[in-house]
Amino acid sequence: IVQGHVDATGRVTSSRPEEDCVILRVRSPKRLMPYIVEKGFIAVDGISLTVVQKGTSSFTLSVIPYTLENTNLKQMTTGDRVNLESDIVAKYIESLLAK
């Protein structure tokens, strides 16, 4: 669940075609990484996408043809800066556990 807020910015570090999709790798600030989970959601430039793989400071996304054709992701290239928003549920859980 995303709300349209920007938590941080990241950078596209690679973009490569794979079968019928494009795999994007995005470098993220380390402070945002605890909220990113494989098969979970993250908003990139306001587009809610599913995380394929999570690393220590980056994650990959599989962008399907429809999303690629109908969003600004079609123009993304390596080095582009993107706005990131993590799933609000993880933030709520962290807040509740902190109490």
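A quick note: this is a predicted structure, and the numbers were derived from the prediction, not measured.
No donor-acceptor distance shorter than 3.5 angstrom exists from the side chain of Lys54 to the backbone of Lys39, with no hydrogens or angles considered. Side-chain atoms of Glu85 never come within 3.5 Å of backbone atoms of Ala43 as a donor-acceptor pair (strictly under, hydrogens ignored). Without hydrogens or angle criteria, Thr67 side chain to Val63 main chain gives no donor-acceptor distance under 3.5 Å.
The same ILVMFWY cluster, assembled from side-chain heavy atoms under 4.5 Å apart, contains both Leu49 and Leu68. Met33 is connected to Val26 through a chain of hydrophobic side-chain contacts under 4.5 Å among Ile, Leu, Val, Met, Phe, Trp and Tyr, so both are in one cluster. Grouping the Ile, Leu, Val, Met, Phe, Trp and Tyr side chains by contacts below 4.5 angstrom, directly or via other members, places Phe41 apart from Val44. Both Ile47 and Ile36 sit in one connected hydrophobic cluster of ILVMFWY residues. Membership requires side-chain heavy atoms under 4.5 Å apart, directly or through other members. Tracing side-chain contacts under 4.5 Å through hydrophobic residues (I, L, V, M, F, W, Y), one never reaches Ile88 starting from Val51; they form parts of separate clusters.
Using a 4.5 Å heavy-atom cutoff, the side chains of Val12 and Val82 are in contact. Inter-residue side-chain proximity for Leu97 and Glu94 is flagged as unmet; no heavy-atom pair is nearer than 4.5 Å.
With sequence neighbours left out, the salt bridge (charged side-chain N to carboxylate O under 4.0 Å, His left out) criterion links Glu19 to no other residue. With sequence neighbours left out, Ser28 forms a side chain to side chain donor-acceptor pair (under 3.5 Å) with no residue at all. Arg16 meets the side chain to side chain donor-acceptor pair (under 3.5 Å) test with Glu18; sequence neighbours excluded. Residues satisfying the salt bridge (charged side-chain N to carboxylate O under 4.0 Å, His left out) test with Asp7, not counting sequence neighbours, are Lys91. Taking the side-chain contact (heavy atoms from CB on, under 4.5 Å) definition, one finds that Thr60 meets it with Ile23, Arg25, Val52, Gln53, sequence neighbours left out. Under the rule for a side chain to side chain donor-acceptor pair (under 3.5 Å), the partners of Thr77 that lie at least two apart in sequence or sit in another chain are Asp80.
To the nearest 0.5 Å, the span separating CG on Leu61 from OG on Ser15 amounts to 10.5 Å. Here CG of Leu24 is found 9.0 Å from CZ of Phe59. Values are rounded to the nearest 0.5 Å. Expressed to the nearest 0.5 Å, how far CD of Glu69 lies from OG1 of Thr71 amounts to 9.0 Å.
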*So Leu32 and Leu84, side-chain contact (heavy atoms from CB on, under 4.5 Å) or not? Walk me through it.*
CA-CA 9 Å; Leu32 194 61; Leu84 303 174; 3.8 Å; yes

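The two residues Ser14 and Thr78 come nearest to each other via the heavy atoms CA-OG1, 3.7 Å. Across every non-hydrogen atom of Gly79 and Arg11, the tightest pair is O-NH1, 2.9 Å.
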